[in-house]
Amino acid sequence: MHTTLTPPESSKYMRLNLGPSHPATHGTLRIFVALEGEVIRDMKLEIGYLHRCFEKMAETHTWNQVIPFTDRLNYVSAMMNNVGYVMAVEKLLGIEVTKRCQRIRVILSELSRIIDHLVCIGANAVDLGALTCFWYFFRERENVYDLFEALCGARLTTSVTRVGGMYKDLPEGWVEWCRRVVNNLPRTLDDVDTLLTANRIWIDRTKGVGPISKENALEYGFTGPCLRATGIPYDIRKAMPYYDYDKFSWNVVTESEGDTYARYLVRMGEMRESLKIIQQALDDIPGGPVNVDDWSICLPPKDQVYNSIEGLMAHFKLIMHGIRPPSGEVYACTEAANGELGFHVTSDNQGRPYRVRVRPPCFAIYQAFPEMCIGQTVSDAVATLGSLNIVAGELDR
C-alpha cells in the first residue's frame with residue numbers, strides 16, 4: 001500500500017507515523033496520518049510487519065502439517081483456525097467427522113471466541129486507561145488456557161484438530177472442570193459490565209467514535225461483531241449452520257450505531273451467548289470415537305501399529321506421504337471470533353496442498369479504518385483500532 005498523503009492544502013498538516021512502534025499498534029501496523037492539531041485529515045495504511053508466508057508454506061507440507069501454521073493466524077483464538085482449516089480439507093475429502101468430534105470442536109471454538117473477546121475488550125480498555133478490566137478478563141482467559149493445556153499440552157498455539165478428527169479425546173474430568181470455568185465467567189462479565197457499560201468516561205471515549213454505516217460495512221466486506229454492531233444480524237452459525245449450531249438455543253447479538261461502543265456491547269453479549277452454547281454442548285456430548293474409522297485419513301491405534309502389518313503400513317504412509325484428497329477445490333468458512341474465516345483449498349491428488357488461500361476477516365475490516373477515523377482525533381483512532389480487534393498474523397498471513 002502506498003503511503004503518499006495528498007490532502008487538500010497538504011502543507012497545512014503535520015505528517016506522522018502512528019505505529020508500528022506505537023503501543024496501540026503492537027509493532028505490526030503502520031498508520032501514516034496527516035494531522036491538523038489532534039484531528040486526522042488523511043490516513044494511509046501499511047501492513048506486512050508480521051507476514052508469516054502461511055499460504056506458500058502450506059504447499060510444502062502435508063495436509064496435517066499445515067495445522068500448526070493455522071495457529072499463527074489469529075493466535076488469540078487459535079483453535080478456531082484449526083477447526084476452520086480441517087473443515088475445508090474434510091469437505092474436499094467428502095467425509096463427515098463423528099458427532100462426538102463435532103461437539104468437542106463446538107465447545108473448544110466457543111471457548112476460543114470468549115477468550116478472543118476477553119482480550120479484545122480488555123486490551124481496548126487498557127488503551128483507554130481502564131486497567132482493572134484487563135486483569136479481570138485475563139484471569140478468566142488463563143482459566144480457559146488451563147483447560148486447553150490439559151487437553152493438548154499447549155495454551156496459545158494448540159494444533160488440536162486433525163483431518164478427520166482430533167489430536168486426542170477429552171481427558172478424564174475435563175467436562176466437569178469446563179463446567180466450573182464456564183459457571184464462573186458470568187460473574188466476571190457482570191463485574192466488567194458494571195465498571196464500563198454505564199461509565200461516563202468509557203461512554204465519552206467510545207460513543208460516536210469510529211462509526212461506520214451498515215451500507216459501508218457491507219461494501220467493505222465486514223463480517224463478525226463489527227458487522228453486527230451496525231445492525232446486520234449475519235452470523236454464519238445461523239446463516240449456514242455447521243456442527244449442529246442450528247440445534248442449540250442462542251441468539252445473534254446486534255447493535256445499531258456501528259461505533260466503538262456498539263462493538264463493545266456486541267462482544268459482551270456474544271460471550272454470554274457462547275456460554276449458553278457451551279453449557280448445552282456439555283450436557284449432550286455423544287459417546288464413541290473422535291476420529292473417523294479410515295486409516296488412509298486418521299492414524300491407526302497404537303496397538304494396531306505395533307501388532308499388525310496393516311496398522312504399521314497405514315501409519316508409515318500417513319506420516320511419510322500424507323493424506324491424498326481427490327483433485328479439486330473447495331471453500332469452507334466458519335464464524336470465527338472476528339467474522340468469516342474462510343479457507344479455499346485446492347488438491348492435485350498429492351500428499352500436500354496444491355494451494356491454500358485464506359479469507360481472513362481482519363483484512364476486509366482494516367481497509368475501512370481510514371474512513372472511520374478521518375475527521376476524528378488521534379485518541380479516537382486508538383479507541384477505534386482496539387475495537388476492530390485486528391490480529392496481524394491473520395491480516396498479513
Side-chain angles (χ1 to χ4, degrees), residues 16-33 35 37-40 43 45-47 49-50 74-77 114-142 188-189 191-212 224-226 229 255 257-268 270-271 337-338 361-362 365-366 368-396:
L16 183 72
N17 277 307
L18 185 62
S21 58
H22 190 284
T25 65
H26 305 283
T28 57
L29 305 169
R30 182 187 181 217
I31 305 163
F32 196 37
V33 294
L35 299 179
E38 281 289 310
V39 178
I40 298 169
M43 176 186 288
L45 308 175
E46 185 172 276
I47 65 174
Y49 289 86
L50 198 61
N74 184 346
Y75 35 78
V76 187
S77 50
I114 289 171
I115 62 173
D116 196 291
H117 289 351
L118 292 177
V119 172
C120 174
I121 295 173
N124 197 14
V126 168
D127 288 342
L128 304 187
L131 182 61
T132 304
C133 305
F134 179 87
W135 299 128
Y136 283 5
F137 274 178
F138 268 60
R139 177 189 62 201
E140 299 301 335
R141 175 177 178 254
E142 288 302 303
T188 301
L189 294 179
D191 288 342
V192 173
D193 194 13
T194 302
L195 285 168
L196 289 184
T197 304
N199 184 297
R200 187 71 256 165
I201 300 173
W202 179 256
I203 291 173
D204 288 345
R205 291 299 310 275
T206 58
K207 265 199 172 179
V209 171
I212 188 168
C226 293
E255 293 291 329
E257 298 302 317
D259 57 9
T260 298
Y261 188 69
R263 291 186 281 272
Y264 155 75
L265 291 178
V266 167
R267 288 191 173 92
M268 287 291 285
E270 285 192 359
M271 285 190 281
N338 282 333
C362 282
I365 293 168
Y366 190 48
F369 186 54
E371 179 177 322
M372 301 166 75
C373 292
I374 291 175
Q376 301 206 332
T377 64
V378 171
S379 60
D380 290 337
V382 170
T384 302
L385 182 62
S387 73
L388 297 181
N389 197 28
I390 302 301
V391 180
E394 178 182 85
L395 177 71
D396 294 339

Closest non-hydrogen contact found for Tyr261 with Ile203 is CE1-CG1, 4.1 Å

For the residue pair Tyr264 / Thr197, report whether a side-chain donor-acceptor contact shorter than 3.5 Å exists. yes

Strictly distance-based, threshold 3.5 Å: is any side-chain N or O of His22 a donor or acceptor partner for the main-chain N or O of Ala24? yes

Using 0.5 Å steps for rounding, measure from the CG atom of Leu18 to the CE atom of Met43. 7.0 Å

Please report the interatomic distance OG1(Thr188) to CD(Glu140), rounded to the nearest 0.5 Å. 3.5 Å

Please report the C-alpha distance between Arg205 and Val209 in whole Å, then the side-chain angles of each, then the deciding distance to 0.1 Å, and finally whether the side-chain contact (heavy atoms from CB on, under 4.5 Å) criterion is met. CA-CA 7 Å; Arg205 291 299 310 275; Val209 171; 6.0 Å; no

Give, for atom CG of Leu29 and atom CG of Asp396, the distance between the pair rounded to the nearest 0.5 Å. 7.5 Å

Asp380 versus Thr377, side-chain donor and acceptor atoms under 3.5 Å: yes

Check: Ala392 main-chain N/O paired with Thr28 side-chain donor or acceptor under 3.5 Å: no

Pair Arg263, Asp259 - check salt bridge (charged side-chain N to carboxylate O under 4.0 Å, His left out), show working. CA-CA 6 Å; Arg263 291 186 281 272; Asp259 57 9; over 6 Å; no

Given Leu128 and Ile201, is the side-chain contact (heavy atoms from CB on, under 4.5 Å) satisfied, shown in steps? CA-CA 9 Å; Leu128 304 187; Ile201 300 173; over 6 Å; no

Kindly give the heavy-atom pair with the smallest separation between Ser77 and Asp116, and that separation in Å. OG-OD2, 2.9 Å

What's the verdict on side-chain contact (heavy atoms from CB on, under 4.5 Å) for Cys226 and Leu388, showing C-alpha distance, side-chain angles and the deciding distance? CA-CA 7 Å; Cys226 293; Leu388 297 181; 3.9 Å; yes

Scanning both residues in full, the closest heavy-atom pair of Pro361 with Asn338 reads CB-O, 3.5 Å

Phe137 six-ring centre to Arg139 NZ/CZ under 6.0 Å and within 45° of normal: no

Take the angle between the ring planes of Tyr366 and Phe369 and call it parallel below 30°, perpendicular above 60°, tilted in between. parallel

For the residue pair Trp202 and Leu195, establish whether any side-chain heavy-atom pair is separated by less than 4.5 Å. no

Take Asn389 and Arg267 through the test side-chain contact (heavy atoms from CB on, under 4.5 Å) and record every step on the way to the result. CA-CA 11 Å; Asn389 197 28; Arg267 288 191 173 92; 3.6 Å; yes

Please name the pair of heavy atoms, one in Leu118 and one in Arg141, separated by the smallest distance, quoted to 0.1 Å. CD1-N, 4.0 Å

Can you give me the closest heavy-atom contact between Asn124 and Ser387, atom names plus distance? ND2-N, 3.5 Å

Which heavy atom of Met271 sits nearest a heavy atom of Ile114, and at what distance? SD-O, 3.7 Å

Output for pair (Ile390 CD1, Cys120 SG), nearest 0.5 Å, gives 9.5 Å

Could you check if a side-chain atom of Val192 sits within less than 4.5 angstrom of a side-chain atom of Thr132, using non-hydrogen atoms only? no

Hey, does Ile40 have a side-chain heavy atom less than 4.5 Å from the side chain of Gln376? no

